[in-house]
Amino acid sequence: SPLTTDSKILIVGAGTWGCSTALHLGRRGYKHVTVLDPYPVPSPISAGTDLNKILELGSFAGDDADERYVSNKLLEAATEGWRNDPVFKPHFHETGCILAATSNEARRHMNTRDGPSEAGGWIPLRTKEDFQATMPKGVLTGEFPGWEGWWMQKGAGWVHARKSMESAAREAARLGVKFITGDQIGRVSSLIYDSTDIRGAITADGTYHYADRTILSAGASAAALFDMKDQLRPTAWTLAHIKMTPEEAKLYKNLPVLFNIERGFFMEPDEDNHELKMCDEHPGYCNWISDAAAPDAGQISSPFAKHQIPIESEARCREFLRETMPHLADRPFSFARICWCADTPNRAFLISKHPDYASLVLGVGGSGHGFCHIPAIGGFIVDAMEDKLDEKLKQSFRWRPETARGRDWKDLQGRFGPQGANRVMDFQDIKQWTNIGEDQE
Ligand code: FAD
């Protein structure tokens with residue numbers, strides 16, 4: 001049926017991209033929009049339910065001119081939203097960013113990555129004193145062994161993730177979007193197929209939600225709901241918090257993001273609970289199991305929720321702290337979790353109508369850099385639904401199973417880790433996890 005603002009639109013997944021899509025549909029005047037999710041916003045399994053995320057720096061596209069165009073287009077639209085949209089503006093902290101690397105290989109990658117240069121306004125960091133001087137005295141007390149990097153003081157920084165997602169959902173609801181959330185009533189168990197198209201989705205309570213257009217934005221879980229032809233690799237990363245004192249929180253206010261592309265990153269502690277979040281950096285964990293529904297089809301990486309991280313990941317976090325802030329290296333974690341995203345083969349987003357099912361729109365493939373686009377990504381997803389995407393974006397975001405045929409599931413996808421973790425790891429091999437909150441009374 002022709003698309004009008006009276007069409008029924010169903011969004012599967014109220015995470016980062018689902019909330020953004022709901023907001024943009026509301027703003028474009030769509031009157032019958034429903035979002036389904038097993039959890040109310042912020043879903044504990046959404047990659048966006050997090051204290052903070054980095055606002056993307058540079059391109060993931062290497063030297064390809066069209067991909068660079070796409071990267072810049074996305075970043076411009078996102079930055080415009082962070083700077084000017086009242087829904088997102090309060091959650092943007094333009095504190096600058098430090099990019100660093102240790103090994104020769106990672107340094108080379110950093111320096112070619114459409115990258116930091118003095119001409120582009122970056123300040124080179126070569127010694128431990130250079131690094132220490134980027135933050136107030138007493139923050140970076142480490143030796144920075146072998147580190148080399150760049151510092152950008154403006155135009156980059158971090159965003160409060162959970163609050164941005166909540167803000168988008170709140171505004172979407174105010175504009176009339178309906179959120180149906182709950183383990184039974186919101187969890188999609190299957191899409192509704194007829195012989196030629198997708199007609200909506202069925203939830204775990206057995207309800208059929210018929211729709212004129214169905215937008216799939218279930219993040220790492222999307223591949224379990226629709227055959228993505230190997231274009232998505234559900235992959236998890238690890239994060240941990242440490243609790244800071246009020247005095248420390250004051251000292252740590254307005255810090256630039258510190259990101260070593262093979263060690264990890266942190267941002268200033270959150271203003272509400274003074275928790276400092278960090279991630280150890282590595283090419284990710286998959287969870288390879290046999291697909292019960294298709295035992296002959298080989299293994300699939302199947303996401304699961306866990307509020308612990310592998311002990312080896314804790315050790316990497318502590319090593320990262322020892323190099324940068326050794327005074328915090330032994331402080332207990334107050335929180336940790338694994339966080340799932342999904343990589344396309346080239347880490348470009350997949351935002352497209354499906355070539356065979358005209359009413360299905362895909363908004364997936366965040367590929368580890370999809371959060372900071374929350375102000376604008378929903379607009380691109382709605383553009384795809386309305387056939388209004390710019391040609392170059394359309395080409396980049398297209399349904400592209402040919403690029404995933406015979407996919408190398410162990411491909412590092414442009415990421416690095418420290419020795420021993422410079423590879424895609426498998427949760428099936430992990431025997432020991434942290435026990436935060438379990439026996440610490
Ligand atoms: P999600 O936000 O994960 O949303 C998926 C939603 O689908 C969830 O709400 C879930 O509850 C719902 N769902 C699941 N199953 C079902 C079902 N059966 N029915 C209905 N709904 C369902 N990006 C950045 O830009 N900067 C960063 O610094 C950054 N850091 C990151 C750090 C970590 C540790 C991780 C894991 C990711 C990071 N990312 C970052 C990537 C970014 O978080 C993701 O790309 C982005 O959040 C993906 O959004 P999404 O909407 O696709 O998925």
Side-chain angles (χ1 to χ4, degrees), residues 10-22 34-57 60 74-75 78 82 97 156-159 161-162 164-165 168-169 179-191 201-204 209 214-226 232 234-240 257 259 264-267 277-282 284-285 303 305 309 313 336-344 347 349-351 362-375 377-378 381:
L10 188 67
I11 303 177
V12 178
T16 313
W17 288 17
C19 287
S20 178
T21 305
T34 303
V35 194
L36 300 171
D37 200 291
Y39 305 96
V41 178
S43 158
I45 62 167
S46 159
T49 303
D50 196 356
L51 288 181
N52 46 42
K53 301 283 188 196
I54 303 171
L55 178 58
E56 184 159 297
L57 291 161
F60 284 79
L74 281 168
L75 196 54
W82 289 118
C97 183
W158 61 276
V159 302
R162 193 197 72 238
S164 312
M165 205 163 57
F179 287 77
I180 300 179
T181 60
D183 188 43
Q184 297 295 304
I185 62 171
R187 181 185 300 277
V188 169
S189 49
S190 164
L191 301 181
I202 309 168
T203 42
H209 299 265
T214 304
I215 299 176
L216 182 61
S217 55
S221 302
L225 292 173
F226 184 74
L232 296 184
T235 309
W237 284 273
T238 38
L239 66 93
V257 174
F259 182 15
F265 60 89
F266 77 91
M267 282 151 267
K277 167 198 143 181
M278 85 198 83
C279 291
D280 57 316
E281 185 65 16
H282 48 74
Y285 286 93
I309 56 175
S313 165
R337 81 161 171 118
I338 58 174
C339 173
W340 289 87
C341 195
D343 269 10
T344 63
R347 293 180 67 189
F349 300 154
L350 202 171
I351 297 173
L362 301 152
V364 295
S367 301
H369 59 113
F371 190 87
C372 63
H373 296 288
I374 189 173
I377 201 75
I381 294 172

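Whatever order the structure lists them in is the order used to number ligands and atoms, beginning at 1. Quantities reported herein were computed from a predicted structural model and do not represent experimental measurements.
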For Leu55, which part has a heavy atom under 4.0 Å from ligand 1: side chain, backbone, both, or neither? neither
Please list, in number order, the atoms of ligand 1 under 4.0 Å from a heavy atom of Trp237. 34 (C)
Side-chain donor-acceptor pair present, Thr34, His209, cut-off under 3.5 Å: no
Any heavy atom of Gly186 closer to ligand 1 than 4.0 angstrom? yes
Report yes or no: does a heavy atom of Gly368 sit under 4.0 Å from some atom of ligand 1? yes
Any idea which atoms of ligand 1 are less than 4.0 Å away from a heavy-atom of Leu36? 20 (C), 21 (N)
Taking distance alone, with N or O pairs closer than 3.5 Å, would you say Ala47 contacts ligand 1? yes
Heavy-atom nearest neighbour in the protein, as seen from atom 25 (O) of ligand 1, with distance rounded to 0.1 Å: Cys372 N, 2.8 Å
Is it the case that the side chain of Arg162 and the backbone of Asp50 share a donor-acceptor pair, with hydrogens and angles ignored and the cut-off at 3.5 Å? no
Please determine if Ser46 has a nitrogen or oxygen closer than 3.5 Å to a nitrogen or oxygen of ligand 1. yes
Starting from atom 21 (N) of ligand 1, locate the nearest protein heavy atom and write down its residue, its atom name and how far away it is, to 0.1 Å. Pro38 CD, 3.2 Å
How far is atom 44 (C) of ligand 1 from its nearest protein heavy atom, and which residue and atom is that? Cys341 SG, 3.5 Å
Out of all atoms in ligand 1, which are within 4.0 Å of some heavy atom of Ser221? Include the element for each. 14 (C), 15 (N)
Quick one: does any side-chain atom of Thr49 pair with a main-chain N or O of Ser43 as donor and acceptor, under 3.5 Å? yes
Please state which part of Ser43 comes within less than 4.0 Å of ligand 1, counting heavy atoms only: side chain, backbone, both or neither. side chain
Is any side-chain heavy atom of Thr344 less than 4.5 Å from a side-chain heavy atom of Leu232? yes
Nearest-neighbour protein heavy atom for atom 47 (O) of ligand 1, which is reported as residue plus atom name and distance: Thr16 OG1, 2.8 Å
Could you tell me which atoms of ligand 1, counted from 1 in the order shown, lie closer than 4.0 angstrom to a heavy atom of Ile54? 24 (C), 25 (O), 26 (N), 27 (C), 28 (O)
May I ask you to identify the nearest protein heavy atom to atom 37 (C) of ligand 1, giving residue, atom name and distance to one decimal place in Å? Lys53 NZ, 3.8 Å
Within-4.5 Å side-chain heavy-atom neighbours: Lys53 and Trp158: no
Looking only at distances, please establish whether an N/O atom of ligand 1 is found under 3.5 Å from an N/O atom of Val12. no
May I ask you to identify the nearest protein heavy atom to atom 53 (O) of ligand 1, giving residue, atom name and distance to one decimal place in Å? Gly219 CA, 3.4 Å
Say whether Asp37, considering both its backbone and side-chain N or O atoms, lies within less than 3.5 Å of an N or O atom on ligand 1. yes
Check ligand 1 against Gly15 and write out every atom of the ligand that is under 4.0 Å from a heavy-atom position of the residue. 2 (O), 4 (O), 6 (C), 9 (O), 51 (O)
List the atom of Ala78, the atom of Cys372, and the distance in Å for their closest heavy-atom pair. CB-O, 3.5 Å
Determine whether a donor-acceptor pair (N or O, by modelled atom type, separation under 3.5 Å) exists between the side chain of Ser217 and the backbone of Val12. yes
Distance, nearest 0.5 Å, that separates CG of Asp343 from CG of Leu350: 12.5 Å
Which residue and atom name correspond to the protein heavy atom nearest atom 24 (C) of ligand 1, and how close is it? Phe371 N, 3.5 Å
Under 4.0 Å from a heavy atom of Gly48: which atoms of ligand 1 are those, numbered in the order shown and with their elements? 2 (O), 47 (O)
Under the 3.5 angstrom rule, does the side chain of Ser190 hit a backbone N or O of Ile202 as a donor-acceptor pair? no
Side-chain contact, heavy-atom cut-off 4.5 Å: Trp82 with Val159? yes
Please enumerate all residues that pass ring pair (Phe, Tyr, Trp, His ring centres under 6.0 Å) together with Phe349, with sequence neighbours excluded. Trp17, His369, His373
Any heavy-atom pair between the side chains of Tyr39 and Ile45 that's under 4.5 Å? yes
Ligand 1 to Gly370 polar contact by distance, N or O atoms, under 3.5 Å: yes
N/O of Lys277 under 3.5 Å from N/O of ligand 1, yes or no? no
Indicate yes or no: does an N/O atom of Cys339 lie under 3.5 Å from an N/O atom of ligand 1? no
Would you say the side-chain atoms of Ser46 pair up with the backbone N or O of Pro44, donor to acceptor, closer than 3.5 Å? no
Using a strict cut-off of 4.0 Å, indicate which atoms of ligand 1 neighbour a heavy atom of Gly366. 45 (O)
Would you mind telling me if ligand 1 is within reach of the side chain of Ala14, the backbone, both or neither, using heavy atoms under 4.0 Å? backbone
Checking Thr181 side chain against Gly186 main chain: does a donor-acceptor pair fall under 3.5 Å? no
Return the residue, atom name and 0.1 Å-rounded distance of the protein heavy atom closest to atom 17 (C) of ligand 1. Val188 N, 3.7 Å
Residues in side-chain hydrogen bond (donor to acceptor under 3.5 Å, both in side chains) with Thr238, at least two apart? Asp280, His282, Ser313
Is there a side-chain contact between Leu216 and Leu225, using heavy atoms and a 4.5 Å cut-off? yes
